[in-house]
> 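Structure incoming, see below.
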Amino acid sequence: MQSNPLRIGTRGSQLALAQANETRDRLMAAHGLSEDAFEIVVIKTSGDKIQDRPLSEVGGKGLFTKEIEEALLDGRIDIAVHSSKDMPTVLPDGLALTAFLPREDVRDAFLSPKAKTLTDLKQGAVVGSSSLRRQAMIKRIRPDIEVVMYRGNLQTRMRKLAEGAVDATLLAAAGLRRLGLEGEITSLLETDDFLPAVGQGAICIESRVGDTATLEKLAAIHDQATQVRLDAERAFLAVLDGSCRTPIGGLATLDGDTLQFKGIVLKPDGSEAHEATASGLAADAIRIGRSVGEDLKARMGPGFLAEA
Ligand SMILES: NCc1[nH]cc(CCC(=O)O)c1CC(=O)O
């Protein structure tokens with residue numbers, strides 16, 4: 001082990017800090033190190049500075065990673081901890097997702113003081129979410145529901161829900177668990193009818209490609225099954241060129257050596273949706289994800305993504 005602390009870059013939100021701490025704790029346990037072997041470096045990103053507009057309007061996923069990736073490339077940090085869901089499919093030259101922690105619950109959670117599930121909400125109910133995927137999936141099941149923009153950190157969103165500004169909200173179960181807020185979950189949306197975002201529930205670690213000393217440390221906390229699932233999901237997203245303006249869901253599951261993949265593309269108002277599935281050997285994860293992406297692309301027809 002090197003004597004310099006391993007510098008862990010992260011955003012400053014409570015969720016991001018919880019993820020960075022979890023990564024540090026796993027590294028400490030795996031290598032028998034103390035806390036002084038690590039330094040958590042908080043980096044403010046453009047995405048953190050913009051709070052009043054949906055992400056889809058201001059440039060999408062890369063907003064939460066740009067400044068952190070610059071710090072990695074400049075050698076100011078050694079690893080960056082991210083939610084896989086927030087990672088663009090293309091990374092800057094010289095950087096890669098070099099480790100995945102074991103994936104948690106992938107499901108979206110329904111939170112409401114007024115109803116047990118999405119389908120129990122009263123006619124014309126208001127749901128807060130600024131995720132285009134969640135908006136489209138809600139509209140597909142319940143076209144009468146009004147979805148209003150709802151950004152801010154988890155605590156802010158829960159407060160708005162308690163104050164009655166909205167009737168319900170949807171959040172990733174994994175994020176709530178990491179913050180010790182799973183008690184706030186009213187019910188969980190099963191993936192059969194509500195497909196999560198690509199990467200949901202998986203913490204990933206980004207580092208410099210040739211930094212072998214760091215890669216060796218990460219190997220001890222890496223989960224290969226999560227990597228295989230994410231390989232398929234990210235290959236799927238890359239084919240569809242998943243911009244933040246396109247509602248897309250995708251999930252890979254592993255049963256032994258068999259990978260199952262399901263993907264969906266929707267119009268934002270839920271009026272049209274295309275789904276496709278494929279399965280095969282885990283070793284073919286990337287090919288399977290890509291094939292579902294291509295299948296959907298063909299079935300959507302030209303213009304669907306542009307219109308969306
Ligand atoms: N876009 C924000 C974001 N990125 C990752 C998570 C949750 C944690 C995860 O999916 O790993 C969340 C919050 C949410 O969607 O509720």
Side-chain angles (χ1 to χ4, degrees), residues 10-23 45-51 53-65 68 80-88 97 99-112 127-138 147 149-161 166 168-182 184-189 191 194-206 223 226-227 229-230 233-234 237 242-252:
T10 174
R11 294 171 51 209
S13 72
Q14 287 195 48
L15 177 60
L17 290 173
Q19 295 178 167
N21 286 332
E22 179 176 342
T23 303
T45 69
S46 324
D48 297 312
K49 293 168 198 162
I50 306 164
Q51 285 291 335
R53 281 169 289 162
L55 293 185
S56 50
E57 274 173 27
V58 289
K61 293 187 171 184
L63 280 178
F64 288 112
T65 53
I68 295 177
V81 178
H82 305 281
S83 295
S84 302
K85 183 165 85 164
D86 300 330
M87 293 308 284
L97 302 185
F100 291 89
L101 300 190
R103 194 174 199 174
E104 296 167 60
D105 199 329
V106 300
R107 290 173 292 183
D108 285 301
F110 175 81
L111 286 75
S112 173
V127 176
S129 173
S130 50
S131 146
L132 282 178
R133 174 188 60 90
R134 290 181 182 135
Q135 174 188 309
M137 303 277 279
I138 291 168
V147 183
M149 201 194 87
Y150 200 54
R151 273 197 68 202
N153 63 36
L154 285 175
Q155 286 77 4
T156 311
R157 296 186 203 201
M158 311 270 249
R159 199 191 60 235
K160 286 194 205 167
L161 183 63
V166 293
T169 188
L170 301 188
L171 292 164
L176 292 166
R177 294 230 164 96
R178 284 177 205 140
L179 291 171
L181 293 172
E182 59 187 304
E184 305 291 325
I185 297 174
T186 308
S187 61
L188 290 160
L189 298 170
T191 57
F194 214 95
L195 215 53
V198 161
Q200 189 155 300
I203 295 171
C204 65
I205 295 151
E206 187 179 25
D223 183 62
T226 301
Q227 157 115 51
R229 295 169 67 188
L230 267 287
E233 292 176 20
R234 289 173 56 77
L237 194 61
S243 79
C244 264
R245 300 208 58 86
T246 317
I248 295 176
L251 179 66

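Counting convention: from 1, in listed order, for ligands and their atoms alike. Computed from a predicted model, the values in this text were never measured in an experiment.
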> Any N or O of Gly201 that comes nearer than 3.5 Å to an N or O of ligand 1?
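The answer is yes, given that Gly201 and ligand 1 share an N or O pair closer than 3.5 Å.
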> Take atom CD of Glu184 as the centre, draw a 6.0 Å sphere, and report whether it contains more than 12 heavy atoms from other residues, nucleotides or ligands.
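Yes - once you tally the heavy atoms of other residues, nucleotides and ligands closer than 6.0 Å, there are more than 12.
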> Among all residues two or more places apart in sequence or in another chain, which pass the side-chain hydrogen bond (donor to acceptor under 3.5 Å, both in side chains) test with Arg103?
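Scan of Arg103 (side-chain hydrogen bond (donor to acceptor under 3.5 Å, both in side chains), adjacent residues dropped) gives Glu233.
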> Under the 3.5 angstrom rule, does the side chain of Gln200 hit a backbone N or O of Val106 as a donor-acceptor pair?
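Yes.
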> At less than 4.0 angstrom from any non-hydrogen atom of Leu171, what atoms of ligand 1 do you find?
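Those qualifying, in numeric order: 16 (O).
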> For ligand 1, which atoms, with element, lie under 4.0 Å from some heavy atom of Ser83?
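In order of number, 4 (N), 5 (C).
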> Given Arg178, Arg134, Lys85, which has its nearest heavy atom closest to atom 8 (C) of ligand 1?
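Of the listed residues, Arg178 has the closest heavy atom.
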> Does any N or O atom in Gln200 lie less than 3.5 angstrom from one in ligand 1, N or O only?
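In this structure, Gln200 places no N or O atom under 3.5 Å from an N or O of ligand 1.
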> At what distance, to the nearest 0.5 angstrom, does CD1 of Ile68 lie from OG1 of Thr45?
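Ile68 CD1 to Thr45 OG1: 6.0 Å, rounded to 0.5 Å.
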> Do Thr226 and Leu101 have side chains that approach each other closer than 4.5 Å (heavy atoms only, starting at C-beta)?
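Heavy-atom side-chain distance check fails, nothing below 4.5 Å.
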> Any nitrogen or oxygen of Ala172, main chain or side chain, under 3.5 Å from a nitrogen or oxygen of ligand 1?
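In this structure, Ala172 places an N or O atom under 3.5 Å from an N or O of ligand 1.
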> Does Arg134 have any side-chain hydrogen bond (donor to acceptor under 3.5 Å, both in side chains) partners at least two apart in sequence or in another chain, and if so, which?
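Arg134: side-chain hydrogen bond (donor to acceptor under 3.5 Å, both in side chains) contacts with Asp108.
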> Going by the order shown, which atoms of ligand 1 are within less than 4.0 Å of some heavy atom of Asp86?
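In order of number, 1 (N), 2 (C), 3 (C), 4 (N), 5 (C).
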> Verify whether one side chain among Gln19 and Thr10 offers a donor that lies under 3.5 Å from an acceptor in the other.
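Side chains of Gln19 and Thr10: no pair found under 3.5 Å.
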> Just to check, does Ala202 reach to within less than 4.0 Å of ligand 1 when the distance is taken from its heavy atoms?
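Yes, Ala202 has heavy atoms under 4.0 Å from ligand 1.
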> Report the part of Leu15 in contact with ligand 1, treating N, CA, C, O as backbone and CB onward as side chain, heavy atoms under 4.0 Å; options are side chain, backbone, both, neither.
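Looking at Leu15 and ligand 1, just side chain atoms fall under 4.0 Å.
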> Any N or O on Gln19 sitting closer than 3.5 Å to an N or O of ligand 1?
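It does not: no N or O of Gln19 is found under 3.5 Å from an N or O of ligand 1.
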